[in-house]
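Before any comments, here is the structure.
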Amino acid sequence: MHKALNKLVAVAAVVVIVAAAVIFLVPQLQPTTPSSTTTTTTISTTTTTSSTSTTVTTSPTTQKVLRIAIGIDADTLDPHAQTTTLISNIMSFITEPLFYYNEKGELIHYLAESYTVSSDGLKVTVVLKKGIKFQDGYPLNATAVKVTFDRLLNPKVKVPSRYLLDALNSTDIIDEYTVRFNLKYPYAPFVRTLTTWYVISPLAYQKLGEENLGKTPVDIGTGPFKFKEWVKGDRIVLSKFDGYWGGAVKFDEVVFKIVPEAQTREAMLLSGEVDIVYQPPPADLPKLNNTPGVVLAINPSTRVMTVNINTQRGPLKDVRVRQALNYAVDKEALIKNVLFNLATLADSPVYPAFFGYSPQKVYEYNPEKAKQLLAEAGYPNGFKLTLMVPTGRYIFDRQVGEALQAYLSKVGITVELYTPDWPTFVQSLIGQNYTSTPWDLCYVGYGMTTPDADAVLYSVFHSSQWAPGKFNTMFYKNERVDKLLDDARREVDEKKRLQMYAEAQAIIWEECPWIFLYFQNFVLAHSDKVHGLVVYPYETFDLRWVYIS
């Protein structure tokens, strides 16, 4: 596992260094089409259960529907209101960004032909590809990009990741296929953040209006699939877009079947009811690896798993209590015994391959130290807490919650589990203020796609990003951390940025707004008849070249 992770880190580190030099023109690349001789393109294999390349000699069959079992329902289908990597991944088949990363972690041009950055770093000019049309027939042009980014900056529109656009002042139309982004200050990761935003059709947006965009995003994008239906709690269905600029896909429909229980998803794959399953049961991976007709794709991912702590509530206001929670949990045992080694211990909130990563000393498992800190804080007999845990979103999430409950009970803390469905979970997480949250602790993961410490630290730990509607759901505030993160966004000297991020991470680690856990792997299982599936290190996958043989 460590060898594979190191390989990913090495590759991604090169990408980050190259991408950080935004004053240079990135050479034009087309979205990479995987060779038809592999069943699954993965960054690396992490265990003996990983998939291997297989020569394909047969031709695609006439199967017209691709069936995928996922663990959660969407809370919204608005492409700009996403808080969930999986649902955002589904939206990426309908809508597309200006830039993205390929399976090697390299920045590629999607809807953008090229870009340049002014010498002062305040103007980013993007030239669009010509001849691309949205699903409603509207042409991809500068107007569509301006409408998209004007919406993203509109304070009346819910955009949880708007912090990535704090540097953006305005968007200008230069000509039919050229736009200019005007920045308030030089912001090194800006081009990388453009991978986050899906460009939408002005015509479809006008027809749908704000109310319907998140419910029925009909003909909104340039992607290979169009929205067909969303039956809440049951399925999300996409249909083929014959006019797709990248070439028509092989399926008439893709059905994302919502199946919260991992064992049930596995059974559906084995019975042939579905073709791909998202996050099969970790305990069954050795069995699945030896099951004829099944292929596993196991990859490191950038998702950091944590327990968010409401730092503004009761005993949790005391840093000694929060440190005690970290000493009370045996993270290595969680990884080994609950996750079956499908994770790597986290020594920072920032993924190791990201620019700005600074490793910290991991909190050891020391329940006696935890009890001592609780006693010093005035809680020798513990107290009661509510831990919110999703079901079907992360690897063995309910089981992790039960293990956390058991560990905390050993140091005198009584934990009640709260396990809502995913839409309720999201609302309870980012839709509440610190007094109204129905939880004290929350098991959750952050999967960032912009490989820069700013994307993680600013969004989650800056006090301007307190919920509701934003990602600082620990309601954490430290004035020194705020200043470091503000200054690092504006600093052009990368050595100074690294120093700022290192200091910020050290303070955050000491003050423990999280129970720091691990970086979770990303696992898919699919029929060996599925070919051309691309898996990215950002816990996402691509269906553009998938076919059945």
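Note that the structure is predicted; figures quoted are calculated from it, not measured.
- For E96 and Y244, the side-chain atoms include at least one donor-acceptor pair closer than 3.5 Å.
- Salt-bridge annotation for D234 and K257: present, with a side-chain N of the basic residue lying under 4.0 Å from a carboxylate O of the acidic one.
- Atoms CD and OG1, from E176 and T143 in turn, are 8.0 Å apart once rounded to the nearest 0.5 Å.
- Looking at residues two or more places apart in sequence or on another chain, you find a side-chain hydrogen bond (donor to acceptor under 3.5 Å, both in side chains) between R67 and D275.
- The line from CG of L168 to OH of Y187 is 11.0 Å long, rounded to the nearest 0.5 Å.
- For the pair E253/K64, no side-chain contact is recorded, criterion being any heavy-atom separation below 4.5 Å from C-beta on.
- Heavy atoms only, all atoms of each residue included: P300 and Y351 are closest at CB-OH, 4.1 Å.
- The two residues S161 and F471 have their closest heavy-atom pair at OG-CE1, 3.6 Å.
- To the nearest 0.5 angstrom, D528 atom CG is 11.5 Å from L296 atom CG.
- Side-chain contact, N182 with D172: a donor N or O sits under 3.5 Å from an acceptor N or O.
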*Kindly determine whether K129 and E113 satisfy salt bridge (charged side-chain N to carboxylate O under 4.0 Å, His left out), including the steps that lead there.*
CA-CA 5 Å; K129 292 179 179 177; E113 180 81 19; 5.9 Å; no
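- In this structure, the separation between CG on D73 and CD1 on I258 is 3.5 Å, given to the nearest 0.5 Å.
- Atom OG in S201 sits 9.5 Å away from atom CD in Q206 (nearest 0.5 Å).
- Listed by first and then second residue, the ring pair (Phe, Tyr, Trp, His ring centres under 6.0 Å) pairs that reach into residues 248-293 are Y278-F522, sequence neighbours excluded.
- Between the Y198 side chain and the H80 main chain, no donor and acceptor come within less than 3.5 Å of each other.
- Between E229 and R235 there is a salt bridge, with a side-chain nitrogen of the basic residue lying less than 4.0 Å from a carboxylate oxygen of the acidic one.
- D75 places no side-chain N or O within donor-acceptor distance of the main-chain N or O of V426, the cut-off being under 3.5 Å.
- Atom OG1 of T195 and atom CG of L98 lie 10.0 Å apart (nearest 0.5 Å).
- Between the side chain of T178 and the backbone N or O of I174, no donor-acceptor pair lies under 3.5 Å.
- Side-chain atoms of N299 and Y538 include no donor-acceptor pair closer than 3.5 Å.
- Checked by atom type and distance alone, the side chain of R265 pairs as donor or acceptor with a backbone atom of V259 at under 3.5 Å.
- Between F99 and H109, a ring centre-to-centre spacing shorter than 6.0 Å is recorded.
- Taking the centre and axis of the six-membered ring of F241, the NZ or CZ atom of K226 falls outside the cone set by 45° and 6.0 Å.
- Between the side chain of N141 and the backbone N or O of A144, at least one donor-acceptor pair lies under 3.5 Å.
- The minimum heavy-atom distance linking P224 with V249 is given by the pair CB-CG1, 3.6 Å.
- Nearest heavy atom pair, residue R151 against residue I200, reads CD-CD1, 4.1 Å.
- Contact check for V400 versus V389: no side-chain heavy atoms found under the 4.5 Å cut-off.
- The nearest pair of heavy atoms linking R544 to S92 is NH2-O, 3.0 Å.
- Within a 6.0 Å sphere centred on CD of E261, other residues, nucleotides and ligands contribute 12 heavy atoms or fewer.
- A donor-acceptor pair shorter than 3.5 Å can be found between the side chains of T85 and R303.
- Between the side chains of N308 and T306, a donor-acceptor pair is found at a separation under 3.5 Å.
- A donor atom on one side chain and an acceptor atom on the other are not found under 3.5 Å apart for D397 and Y443.
- E273 contributes no side-chain N or O that, together with a main-chain N or O of L269, makes up a donor-acceptor pair within less than 3.5 Å.
- Of all heavy-atom pairs spanning F227 and L77, the tightest one is CE1-CD1, 3.6 Å.
- Listed for the S459 side chain is a donor-acceptor partner under 3.5 Å among the backbone atoms of A455.
- A distance-only check finds no donor-acceptor pair linking the side chain of T424 to the backbone of P420 [under 3.5 Å].
- W422 and T84 are linked by a side-chain donor-acceptor pair at a separation below 3.5 angstrom, with hydrogens and angles left out of the test.
- Within a 6.0 Å radius of NZ in K240, more than 12 heavy atoms belonging to other residues, nucleotides or ligands are found.
- The six-membered or imidazole ring of F181 lies near that of F149, with a centre-to-centre distance under 6.0 Å.
- More than 12 heavy atoms of other shown residues, nucleotides or ligands fall within 6.0 angstrom of atom NZ in K146.
- Under a 3.5 Å cut-off, the side chain of T437 and the backbone N or O of W439 do form a donor-acceptor pair.
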*Passes side-chain contact (heavy atoms from CB on, under 4.5 Å), F425 versus C442? Steps please.*
CA-CA 10 Å; F425 179 95; C442 178; 3.5 Å; yes
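- In this structure, Q135 contributes its side chain and I94 its backbone to a donor-acceptor pair below 3.5 Å.
- For K232 and W230, the positive end sits near the middle of the six-membered ring, less than 6.0 Å away and at most 45° from its axis.
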